[in-house]
Trainee: 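Sharing a structure here in structure tokens format.
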There are 2 protein chains.
Amino acid sequence: MNAEGLLESQRIRREIRDGRITGTSRGLALGFVQCNLAIMPKAYAFDFMLYCQRNQRACPVLEVTDPGSPVPHKLAPNADLRTDCARYAVFVEGKQQADQTDIKDLWRDDFVSFLIGSGITFDGALERAGVPTDRHRWVLRTDRPTEPAGPFQGDLIVTMRWLTPQQAITAVQVSSRFPFNHGAPIHIGDPAAIGADLDNPLFGGPVPAMPDGLAAVFWACGVTPQAAAENAKLPIFIAHAPAHSFITDLPADEMMTA
Amino acid sequence: MNAEGLLESQRIRREIRDGRITGTSRGLALGFVQCNLAIMPKAYAFDFMLYCQRNQRACPVLEVTDPGSPVPHKLAPNADLRTDCARYAVFVEGKQQADQTDIKDLWRDDFVSFLIGSGITFDGALERAGVPTDRHRWVLRTDRPTEPAGPFQGDLIVTMRWLTPQQAITAVQVSSRFPFNHGAPIHIGDPAAIGADLDNPLFGGPVPAMPDGLAAVFWACGVTPQAAAENAKLPIFIAHAPAHSFITDLPADEMMTA
């Protein structure tokens with residue numbers, strides 16, 4: 001807590017809400033869980049929740065708000081989901097609109113918000129175990145279909161990290177302790193075995209050649225449900241903009257089991 | 001597999017469907033996951049799923065069927081949920097009706113079925129680790145409220161086991177490896193600390209005095225969501241009858257992580 005009695009997560013969210021922080025959430029409020037956001041009309045919420053249940057490794061739902069409520073009571077009880085992301089991505093009938101810095105003008109009484117776990121949650125635990133997380137990391141499409149539900153469907157999206165063999169073993173151990181946050185890797189080794197698209201990462205340029213002595217390790221990624229929601233071409237769908245996640249008050253280490 | 005190429009789970013379900021097995025599912029198809037069933041009209045399914053998400057330890061949803069489909073494609077693709085439990089409990093407006101041995105006459109095109117993990121799934125793993133599971137086990141109400149969703153609410157129901165201190169430690173370790181099936185205990189020690197009602201277990205007579213040298217260990221129980229659905233007084237709600245669970249084709253050990 002700071003001098004005002006605020007958690008660092010609360011302080012950062014206030015800075016975002018007041019427009020003093022406008023950039024990425026990466027590196028902010030370290031140690032607190034950051035979430036992917038998916039906001040949609042209630043009419044689609046059951047099918048989306050079903051999609052997340054059927055693809056649980058990729059889509060760990062940490063909280064679902066009551067229709068019309070912008071407050072995630074469990075993860076950040078004094079937050080407002082309409083204002084507390086620095087940047088929102090907005091899709092109308094599946095077409096991306098201009099990003100917004102708040103969504104007060106778009107908010108509806110039937111909006112349901114899903115807070116979905118992000119792989120960066122266990123970055124701190126990996127670092128403490130000697131696994132670097134600040135490099136050799138990409139978000140990639142694969143050709144492995146997810147299990148559909150209603151209009152929601154699409155291929156699995158993964159996070160790939162390059163690690164030494166010893167780091168890879170440690171990373172399996174550490175991430176297994178976060179079963180509600182993607183958990184253990186879904187694959188180790190040849191990217192082609194899961195059809196990972198190395199030429200077109202979701203962020204940044206093509207993946208370079210992997211140095212000798214490293215192994216590619218793949219985790220199901222929380223971008224998967226967001227992509228499925230874009231594919232569904234809902235009348236309106238709102239997400240956090242990439243790298244501008246919602247910061248919760250939940251310490252990442254509280255997600256750890258076993 | 002047997003001589004006909006059937007899994008033991010498939011063979012048992014056929015015996016149940018044909019009316020040759022009419023009793024409890026306890027001890028049948030050992031090693032296969034057994035599920036609690038909750039079947040309700042789609043109009044209530046979103047709130048029920050929300051309830052399960054908000055009380056995940058007690059309500060591990062393993063599969064949700066498409067509306068109108070009696071087939072759990074993931075857990076038992078050749079099963080029929082209308083006939084493959086030996087005994088069903090039926091509630092109309094919250095009032096329990098006579099049990100039925102199938103629900104073909106009640107089935108509706110808008111029924112959604114939830115298959116919910118049961119604590120007996122890790123009994124096999126506990127036994128192999130030296131923790132007996134055939135005695136000193138009760139299902140108890142507590143006074144700890146669950147987090148409500150729509151009409152679904154109620155107090156947490158727990159499974160209490162009496163174990164030696166060494167068994168208790170082992171049981172924490174083993175059950176932690178089943179995070180999607182209640183996971184680690186929620187409490188060890190004084191039943192009064194969680195308001196556990198020792199006088200009125202859900203099945204059987206009052207709990208006797210605990211022998212010296214044992215510890216009471218408590219897990220969130222999959223009866224919790226069923227009780228919440230009864231409390232909601234839906235126009236119609238169908239569950240498996242107690243101890244007559246739905247037997248899936250999923251090996252229990254496949255639920256294990258880490």
Side-chain angles (χ1 to χ4, degrees), chain A residues 40-57 59-67 69 72-75 77 110 112-117 122 146-152 169 171-186 254-258, chain B residues 40-57 59-67 69 72-75 77 110 112-117 122 146-152 169-186 255-258:
Chain A
M40 66 192 68
K42 187 184 178 206
Y44 302 95
F46 176 67
D47 280 337
F48 186 69
M49 200 150 171
L50 207 50
Y51 179 81
C52 292
Q53 193 279 329
R54 290 177 178 173
N55 300 282
Q56 201 162 32
R57 291 291 278 282
C59 316
V61 175
L62 302 186
E63 182 163 5
V64 184
T65 58
D66 285 316
S69 168
H73 290 285
K74 196 159 63 178
L75 294 180
D110 68 340
V112 174
S113 301
F114 292 81
L115 284 74
I116 297 170
F122 51 65
T146 59
E147 200 183 335
F152 300 99
I169 294 164
V172 172
Q173 294 172 316
V174 169
S175 59
S176 295
R177 300 175 71 185
F178 293 84
F180 297 107
N181 220 51
H182 306 309
I186 57 135
E254 287 192 15
M255 297 287 296
M256 191 165 60
T257 64
Chain B
M40 66 191 68
K42 187 183 178 206
Y44 302 95
F46 176 67
D47 280 336
F48 187 70
M49 199 149 171
L50 207 49
Y51 179 82
C52 291
Q53 193 280 328
R54 290 177 178 172
N55 300 283
Q56 201 163 31
R57 291 293 278 282
C59 316
V61 175
L62 303 185
E63 182 163 5
V64 184
T65 59
D66 285 317
S69 167
H73 289 285
K74 195 160 61 178
L75 295 180
D110 68 340
V112 174
S113 302
F114 293 80
L115 284 74
I116 298 170
F122 50 67
T146 58
E147 200 182 336
F152 300 99
I169 293 164
T170 303
V172 171
Q173 294 173 313
V174 170
S175 59
S176 295
R177 301 175 71 186
F178 293 83
F180 296 107
N181 221 50
H182 305 310
I186 57 135
M255 298 287 296
M256 192 165 60
T257 65

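First the proteins, then the strands, lettered A, B, ... as listed; each starts at 1.
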Trainee: A:Y44: what forms a ring pair (Phe, Tyr, Trp, His ring centres under 6.0 Å) with it, not counting sequence neighbours?
Mentor: none

Trainee: Measure distances from B:A45 to the heavy atoms of chain A and classify the residue's part below 4.5 Å as side chain, backbone, both or neither.
Mentor: both

Trainee: So for B:V112, is it side chain, backbone, both, or neither that comes closer than 4.5 Å to the heavy atoms of chain A?
Mentor: side chain

Trainee: How many angstroms lie between NZ in B:K42 and CZ in A:F46, if you round to the nearest 0.5 Å?
Mentor: 6.0 Å

Trainee: Would you say that A:K74 contacts B:E147 through its side chain, given a criterion of any heavy-atom pair below 4.5 Å between the two side chains?
Mentor: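 Of all side-chain heavy-atom pairs linking B:E147 with A:K74, at least one is under 4.5 Å.
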
Trainee: Just jot down the ring pair (Phe, Tyr, Trp, His ring centres under 6.0 Å) partners of A:F48, sequence neighbours excluded, or say none.
Mentor: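 Listed in chain order: A:F114, A:F152.
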
Trainee: Report which part of B:E63 has an atom under 4.5 Å of a heavy atom belonging to chain A: side chain, backbone, both, or neither.
Mentor: backbone

Trainee: Against chain A, work out which of B:D47, B:V172, B:L62 has the most heavy-atom pairs shorter than 4.5 Å and name it.
Mentor: B:L62

Trainee: In Å and rounded to the nearest 0.5 Å, what is the CD to CE distance from A:Q53 to B:M49?
Mentor: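 Interatomic distance, A:Q53 CD to B:M49 CE, rounded to 0.5 Å: 5.0 Å.
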
